[in-house]
Number of protein chains: 2
Amino acid sequence: MPVDAQRRSGRPRTSSREEVSEIALRLFVRRGFEQTTLQDVADAVGVSKRTLLRYFPSKNDIVWGAFDEQLQALRARLADADPTRPMMDVLREAVVAFNDYGEAVLPELRDRMTLITSVPALQAHSMLRYADWCAVIAEFVARRLSLEPDHQFPQVIASAALGTAMATYRCWVVDPDLDLLAALDEAFRLLAAGFDAQALGAGRPAHAGSRGASRAR
Amino acid sequence: MPVDAQRRSGRPRTSSREEVSEIALRLFVRRGFEQTTLQDVADAVGVSKRTLLRYFPSKNDIVWGAFDEQLQALRARLADADPTRPMMDVLREAVVAFNDYGEAVLPELRDRMTLITSVPALQAHSMLRYADWCAVIAEFVARRLSLEPDHQFPQVIASAALGTAMATYRCWVVDPDLDLLAALDEAFRLLAAGFDAQALGAGRPAHAGSRGASRAR
DNA sequence: CATGTTTCGTCACCCGGTGTCAAATTAAAT
DNA sequence: ATTTAATTTGACACCGGGTGACGAAACATG
């Protein structure tokens, strides 16, 4: 069970989670997710189908790399945030930082997200993975509003935030020129301010900021 | 293919979509969704497994009754709305009306939503069904903002609206005393006004309206 | 009765996923 | 060096959801 904790004894692993994930991702992108069977992946990696399903709980989960660890970082960041700062500011900056991978792994991230947003099975499965994300946000909002996480307000705000992030992801996947971080920043500012004000000002606001090199650190 | 278009000739159906949906729902609630196999449902209805999958494209879809027709009504309502009225007002009222089923079918709706929000497979599948819902909202918002439906703003607003509705549903499922329509009304007012203002007024706003008999017509 | 039309059931099949168990491979203890 | 414990692996059987194909059943019409 320990990923790489000090190896005590026993037969060593012939492959790693990362290796499986990488090879599988390549196959999925090339030949399509549904067209690629688990046996194909197993053959490509050089292990049995059974071993594959010991590394990942399902075929869908192979596409999601190490998502849980990222989530822990997000939770920690939200917990350590300055309590005097506005809630939605903290949330926005945390979400942006949460998605600030390096330039190097960006193409891989795009591959993953392209699959997740386009393949129906993965699109559906994403709801389960994002539920954890949502719970982290709800927990933070609940603490700020002195409510319980199950209450309506934290749940609504967290779910709306999730929708905002997902929609932004979808746009980023389609448009290669879009800066993900800047787009997230803009979307969450919109969410904080309310969509009604947006509708009133019929002319669209400063949208120039969503493209280009602004990293929104 | 025609659900009940004038029957010309041929062998008559031994069952209907509604009958299958009702019987299956009862079984799912009683014995659990995953514990109930398609063969069980087929036996209970009195047809073969193959026939079941001709009525519904998948086991998951059985739980969703006629959702598409409701969606058409929502689209029509949004299309016919007064263009001079505020966008988020129209949206809020349409969503509330969309969920205004009669008192009679309310327990059945609760059963469906309880399954959808608690069973992981259905929770995941809901993303696919709600994607259509989301597209309808995005189409409306895009028209109002003179943008294309694929653009970032309509997508973000529609997804945030979806999250808002879903979270409210979840709360309603858990709390039997909650008035679904009033809760939706309140949540969408929050979404329109922005969550930031909410956080600033540390004291919670008039929450008394979310319980009781207000039907928000 | 003959014909076309529509629905139904059966069968075979694929794939994702689980449980089981023995074999393989290593470190550590004797 | 041999045994022992620990760990991973692969093979196998199995289940359930879902699809394709095909013939049979049940109707309306002529």
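Just so it is clear: chains get the letters A, B, ... in the order the sequence lines come, proteins before strands, and each one is counted from 1.
Applying the side-chain hydrogen bond (donor to acceptor under 3.5 Å, both in side chains) test to A/Q72 and every residue at least two apart in sequence or in another chain returns A/R75. Remark: A/R26 engages no residue in a salt bridge (charged side-chain N to carboxylate O under 4.0 Å, His left out) (not counting sequence neighbours). By the salt bridge (charged side-chain N to carboxylate O under 4.0 Å, His left out) test, A/R143 is found to be paired with A/E139, residues two or more places apart in sequence or in another chain being considered. Judged as a ring pair (Phe, Tyr, Trp, His ring centres under 6.0 Å), and not counting sequence neighbours, B/Y55 has no contacts. Looking at residues two or more places apart in sequence or on another chain, you find no salt bridge (charged side-chain N to carboxylate O under 4.0 Å, His left out) involving B/D43. With sequence neighbours excluded, no residue satisfies ring pair (Phe, Tyr, Trp, His ring centres under 6.0 Å) with A/F56. Qualifying salt bridge (charged side-chain N to carboxylate O under 4.0 Å, His left out) partners for B/R54, counting only residues two or more places apart in sequence or in other chains: none.
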Please set out all donor-acceptor pairs under 3.5 angstrom arising from side-chain atoms of residues 119-127 of chain B, sequence neighbours excluded.
{"unit_1": "B/H125", "atom_1": "NE2", "unit_2": "B/D61", "atom_2": "OD1", "d": "2.9"}
{"unit_1": "B/S126", "atom_1": "OG", "unit_2": "B/Q123", "atom_2": "O", "d": "2.6"}

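A donor-acceptor pair under 3.5 Å is formed between the side chain of B/N99 and the backbone N or O of B/V95.
For the ring pair (Phe, Tyr, Trp, His ring centres under 6.0 Å) condition, the pairs that include at least one residue of residues 10-47 of chain B, sequence neighbours left out, are B/F28-B/F33.
Residues of residues 24-40 of chain A having a heavy atom closer than 4.0 Å to DNA chain D: none are found. Contacts between residues 41-63 of chain B and DNA chain C, counted as heavy-atom distances below 4.0 Å, involve B/G46, B/V47, B/S48, B/R50, B/T51, B/R54, B/Y55.
Over its length, the helix from C/dC1-D/dG30 to C/dT30-D/dA1 turns its helix axis by 20°, as judged from the five terminal pairs at each end, rounded to 10°.
For D/dA26, the OP1/OP2 oxygens have no side-chain nitrogen or oxygen of B/S9 closer than 4.0 Å.
What separates CG of B/L122 from C1' of D/dG17 is a distance of 13 Å, to the nearest Å. In this entry the distance linking CZ of A/R11 with P of D/dT7 reads 15 Å, nearest Å.
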